[in-house]
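Since the structure is predicted, the reported quantities are computational estimates derived from the model, not experimental observations.
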Amino acid sequence: MFNINKQINKLYASAVVGQLSLSGAWVAILASRGFSLAQIGFAETIFHIVSVLFEIPSGVLADIFGRKKMLVVSCLAHIIADIVMVFSNNFTLVCVSIALNAINYNFSSGSGDALAYDSMKFVGKECLFEKYASNQLVIYRLCEGISTLLAGLSLALGYRISYATSVVFSLFQLAILAGLKEIRLGEEKVASGLLSEMFRLFRESIVFLLKEKKAVGLMFANSTVGALDILLLFFLQAKLPEAGIPRWLLGVALLFLQMGGVAGSKLVLRIPHAKNRTVFIVSVLVIAAGIGLEHSGLYALMTLGGFVAALADDALQVRTNTMLQDMFPSEQRATLISMESFTFSMVMIVLSPLAGIFFTWW
């Protein structure tokens with residue numbers, strides 16, 4: 001008999017093990033190795049270029065072969081990426097590792113949420129997805145915060161040991177993923193071959209988006225706000241030391257940034273009747289305030305700016321993710337989630353190099 005609580009708990013456990021590592025403060029690690037902010041911005045651009053190429057195909061493959069299998073592929077890509085980083089001795093290998101991490105992100109981004117929502121729908125409890133989405137963001141922020149809290153330790157141990165520990169965590173994650181149960185809802189359609197099936201799913205997803213203009217608007221709104229927040233937090237890892245923050249306090253400050261996301265993901269659950277447009281406008285204004293604080297040159301105010309930006313981003317993300325899941329057909333769910341991630345990557349491709357130049361200049 002299918003146990004929804006065990007299924008969801010395994011997804012939570014997979015998220016925890018997959019995100020905890022000594023390499024969480026990767027921007028600070030690259031900066032300590034002598035790479036410039038412009039190079040770091042370029043590496044982030046590589047990440048999103050690869051994401052553009054693999055994001056939608058990964059979602060289609062998840063809908064065809066199963067979401068659990070693609071989560072396993074994601075974990076394997078993560079392991080290979082960390083091994084490459086351990087042996088990287090130049091910027092080219094760093095970019096290769098970043099590209100593999102993009103594939104890891106691609107194959108997990110749509111699969112996890114799709115499996116969770118359809119598992120809940122299978123037992124008639126899809127109304128719980130908003131809480132699940134909130135909890136996943138809390139896990140993400142806490143794990144990122146703990147990982148960055150260890151930034152000083154990571155810098156002291158060196159990047160090789162830091163990334164090697166991530167490989168060990170990923171092996172534990174593989175064991176957890178093996179215990180998941182695949183859930184398939186909707187009518188299964190068999191095409192004449194893999195490419196035909198992929199094309200069918202892609203075509204049907206495009207038709208869905210053309211009809212559901214509201215879904216497209218939600219995707220772009222969430223992607224734009226998320227990109228602004230992610231870039232601010234990334235570059236704070238390198239800018240806070242330049243602003244004079246003590247090395248021992250860096251990890252604490254980076255953990256505080258992530259706590260903003262925890263606060264935002266829980267706050268939005270307490271205002272279920274707030275209009276979506278209001279949530280979006282307030283989120284944009286709060287992130288704009290965060291940008292101003294981050295460019296004050298005072299590390300205390302810069303940290304506060306990152307906190308409020310993360311709060312606004314996660315509040316909006318929980319709201320939009322839940323709305324989109326309710327709109328997406330089950331048989332195309334992973335594909336459509338991947339299309340949302342695709343829009344995020346397109347926004348990041350444009351903003352990442354500009355942000356690298358901007359933060360170097362300002």
Quick check for you: to the nearest 0.5 Å, what is the distance between [X] atom [atom1] and [Y] atom [atom2]?
| X | Y | atom1 | atom2 | answer |
| --- | --- | --- | --- | --- |
| Leu20 | Ile139 | CG | CD1 | 10.0 Å |
| Met323 | Arg319 | CE | CZ | 7.5 Å |
| Ile56 | Asn106 | CD1 | CG | 10.0 Å |
| Thr322 | Met327 | OG1 | CE | 12.5 Å |
| Glu294 | Leu236 | CD | CG | 4.0 Å |
| Glu130 | Ser265 | CD | OG | 10.5 Å |

[X], [atom1] atom: more than 12 neighbouring heavy atoms under 6.0 Å:
| X | atom1 | value |
| --- | --- | --- |
| Arg270 | CZ | no |
| Phe35 | CZ | yes |
| Met346 | CE | no |
| Phe87 | CZ | no |
| Phe172 | CZ | no |

For the hydrophobic clusters of this structure (ILVMFWY residues joined by side-chain heavy atoms under 4.5 Å, transitively), does one cluster hold both [X] and [Y]?
| X | Y | answer |
| --- | --- | --- |
| Val72 | Leu11 | yes |
| Leu177 | Val167 | yes |
| Val318 | Phe307 | no |
| Phe54 | Phe65 | yes |

With the side chain counted from C-beta on, respond yes when [X] and [Y] share a heavy-atom pair under 4.5 Å apart, and no when they do not.
| X | Y | answer |
| --- | --- | --- |
| Pro329 | Leu336 | yes |
| Met339 | Thr335 | yes |
| Met219 | Leu324 | yes |
| Ser166 | Met85 | no |
| Leu71 | Phe107 | no |
| Trp26 | Tyr159 | no |
| Asn321 | Asn222 | yes |
| Leu157 | Thr165 | no |

Looking at [X] and [Y], what are the two nearest heavy atoms and their distance?
| X | Y | value |
| --- | --- | --- |
| Ala221 | Phe280 | CB-CE1, 3.7 Å |
| Leu269 | Ser134 | CD1-OG, 3.6 Å |
| Ser338 | Glu55 | O-CG, 2.9 Å |
| Leu153 | Leu22 | CD2-CD2, 4.0 Å |
| Ala312 | Ser283 | O-OG, 3.4 Å |
| Ala99 | Ile46 | CB-CG2, 4.3 Å |

Side chains of residues 117-125: which donor-acceptor partners sit under 3.5 Å, not counting sequence neighbours?
unit_1: Tyr117; atom_1: OH; unit_2: Asp326; atom_2: OD1; d: 2.9
unit_1: Asp118; atom_1: OD1; unit_2: Ser330; atom_2: OG; d: 3.1
unit_1: Asp118; atom_1: OD1; unit_2: Arg333; atom_2: NE; d: 3.0
unit_1: Asp118; atom_1: OD1; unit_2: Arg333; atom_2: NH2; d: 3.3
unit_1: Asp118; atom_1: OD2; unit_2: Arg67; atom_2: NH1; d: 2.9
unit_1: Ser119; atom_1: OG; unit_2: Gln7; atom_2: NE2; d: 3.1
unit_1: Ser119; atom_1: OG; unit_2: Leu115; atom_2: O; d: 2.6
unit_1: Lys121; atom_1: NZ; unit_2: Ser330; atom_2: OG; d: 3.4

Only pairs at least two apart or in different chains count here, so list each salt bridge (charged side-chain N to carboxylate O under 4.0 Å, His left out) that has a residue in residues 83-107.
-> none
Run the ring-centre check on Phe129 versus Tyr132 and record whether the distance is less than 6.0 Å.
->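 Here the rings of Tyr132 and Phe129 have centres that are less than 6.0 Å from each other.
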Looking at Tyr105 versus Phe47, is the centre-to-centre ring distance below 6.0 Å?
-> yes
Using a distance-only test with no angle check, is there a side-chain donor-acceptor pair under 3.5 angstrom linking Lys266 and Asn135?
->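 On atom types as modelled, these side chains qualify, holding a pair under 3.5 Å.
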Residues Asp113 and Gln325: side-chain donor-acceptor under 3.5 angstrom | no
Could you list all the side chain to side chain donor-acceptor pair (under 3.5 Å) pairs where at least one residue sits in residues 223-233, not counting sequence neighbours?
->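 For residues 223-233: Arg141-Asp229, Ser223-Thr343.
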Taking the inter-plane angle between the rings of Phe208 and Phe328 on a 0 to 90° scale, is it parallel (under 30°), tilted (30 to 60°) or perpendicular (over 60°)?
->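 Judged by the thresholds at 30° and 60°, the geometry between Phe208 and Phe328 is perpendicular.
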